[in-house]
Amino acid sequence: MFLALREMRHSKARYSLIMVIMLLVSFLVLFVTGLARGLAYANISAVENMPANYFALQDDAEHTFRRSQLSGTALSTAQSIAGTENAAALAVQTSTVTAEAADAKADITFFAVDMDGMLAPEVVQGSSLTNASQGGAVVDSKLTESGITVGSTITDQASGMSFKVQGVVEDSSYSHMPVVYITTADWQTMKSGNVPPGSDQQSAPYNVIALKASSAQAAEIAGKLDHLETITQKQAIKSIPGYAAEQNSLQMMIAFLFAIAAFVLAVFFYVITIQKTSQFGILKAMGTKMSYLAWSVVGQVLILSVASLAVSLLLTFGMNMGLPDSMPFQLEGSTILLTSVLFVGMSLLGALISVARVAKVDALEAIGRAGA
Amino acid sequence: MSTMLRMKQVTQTYGDGGQTMSVLDNLDLTVDEGEFVAVLGPSGSGKSTFLSAAGALLTPTSGEIYIDGESLNNKDKRELTALRLQKIGFMFQSAQLLPYLKVEEQLLYVSRLAKLEPKEAKVRAAQLMQRLGIWDRRNHYPEKLSGGEKQRVAIARAWMNKPAILFADEPTASLDFERGREVVRMIADEVRSEGKAAVMVTHDERMLEWCSRVLHLENGALVEHKQI
């Protein structure tokens, strides 16, 4: 590090330029990652925040909640295996609601859940629903932006049913739509004109069963019931309409940014290294070990990448504070850590080309050279 | 009196198959403690090859080389690197200082490589810089030094780790006559005060005043001419 640090001290302009470029690239990496995570969260937070690790649904539904249709017997079987409190039915219905007071219309997704079960929403404002309450709803906080608050009445456009908003939950989106939680009893009423022939008239079908179960239990449930499979929460999230398409394009951008970061750094360092070929020859002739020189190159890259990463993290946080709410942005500690490690790792990978070049320099080049 | 460098029947050939060329042909040389040997020869006579072989940078095709009694044969690259660091001081054409190290750091760098005790190294560097008249320049970068000063820093750097022998590759090539003479005189002074040896390769016959022996590299071997 003796050489690495002194060289950077001497050629401040050169190394500052590299650092600025790395700073911009790493900032872009972090920022796009944050936006991708934000978008993902804004899309599917309702499913991500569920305390379930498995979902059971019809095997021909291709993992998509809305395509699946299950009946009451499936739930009791699941509850008998995973435990009553670890399995809960979930009915999903996208719709449009109007709020008469606020003169607003909004696309929403109804989640009908057992208010005593594990999927019951945790309100941050107002009061929770109980299974006994009729015509009540708990809505996602995004709806409050359209003027719908506790006490408002919303009307489902499709069925004409009205619900009184009793509470507000946070971070509850499905397919970018705010979720409106209603009771299963209201769900029955909503669906009563719409019960498929042959099914139990007393209970309208629901879509999936959320499970808090071990993988063995999940497999057992899938085995016991015909035409039913269990998928992990991750698989379920991936199958939410639009999620994969959205995330794939963003992830491709991020992957390219990583590649660009590594490439830019590799080229810069390679050019600098070529310029210093004769210096390396002299250093080797004087008895500098190759490992020392390799560490010198790697050390410089390490210092540059970590320093620029630190600054870009600060920039990212600063930028995040200035972002409007309509641009969802989210960076968890684990994502930051992973991104940072990857960035530094890719930079070091780029530096290896230079190290290989230094290794090739022959100490013999030092003798008989007139040029400096 | 101990022998600092001994080269026995050293041959270096280039080329392959039928077309081979011997740059060094059974070359013998012994340099004792306190000696300052000049090796003269026109360009292309194999001076660089000779210096590379003697300086443990190149393993010759055949022959034996001993530095301070230690044989270079059967040593791998790593061991040769360590030996160069401990036993050999190099001076290159146009000084070849590292542009980003201040004068004092140029000296401390080699002592760090050799894992000398830092305090001791600082004292040693100060002594050398004072003897060579570059003490006032210790906090300057090489770009601020004149050609003669750069070569004096190179002398100091070469002696920093107390090597057994110093090899100088055309140390006066980039200097005018007066400055060149001064640099050669300083090398000679240091050989005396360090009690070690030095070999200088040059093509300039005007620089031989302080050398204890003058050898000519002719047809791959070293021959001594009678002083004119």
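Letters A, B, ... mirror the listed sequences (proteins, then strands); counts begin at 1.
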Crowded around [X] [atom1]? As in, over 12 foreign heavy atoms under 6.0 Å?
X        : atom1 : result
B:Asn219 : CG    : no
B:Asn74  : CG    : no
B:Arg138 : CZ    : yes
B:Lys75  : NZ    : yes
A:Phe256 : CZ    : no
A:Trp295 : CH2   : no
B:Arg181 : CZ    : yes
A:Phe263 : CZ    : no

Counting heavy-atom pairs under 4.5 Å to chain B, which of A:Gln279, A:Lys284, A:Arg9 comes out on top? A:Arg9

Measure distances from [X] to the heavy atoms of chain A and classify the residue's part below 4.5 Å as side chain, backbone, both or neither.
X        : value
B:Glu105 : both
B:Phe167 : neither
B:Pro99  : both

What's the verdict on side-chain contact (heavy atoms from CB on, under 4.5 Å) for A:Met290 and B:Lys77, showing C-alpha distance, side-chain angles and the deciding distance? CA-CA 10 Å; A:Met290 180 54 214; B:Lys77 237 181 162 170; over 6 Å; no

Out of curiosity, [X] [atom1] to [Y] [atom2], how far, rounded to the nearest 0.5 Å?
X        : Y        : atom1 : atom2 : answer
A:Tyr292 : B:Leu85  : OH    : CG    : 11.0 Å
B:Tyr100 : A:His10  : OH    : NE2   : 10.5 Å
A:Thr288 : B:Leu113 : OG1   : CG    : 4.5 Å
A:Arg6   : B:Leu98  : CZ    : CG    : 11.5 Å

Classify the ring geometry of A:Phe2 against B:Tyr109: parallel below 30°, tilted from 30° to 60°, perpendicular beyond 60°. parallel

Might you point out which heavy atoms bring B:Phe92 and A:Ala285 nearest each other, and give the distance in Å? CZ-CB, 3.9 Å

Atom group of A:Leu3 that falls short of 4.5 Å from chain B, counting heavy atoms: both

If you tally heavy-atom pairs under 4.5 Å against chain A, which of B:Glu170, B:Lys47, B:Lys102 wins? B:Lys102

Using side-chain contact (heavy atoms from CB on, under 4.5 Å), reason through A:Met286 and B:Val110 one step at a time and then give a plain yes or no. CA-CA 8 Å; A:Met286 289 195 316; B:Val110 284; 4.0 Å; yes

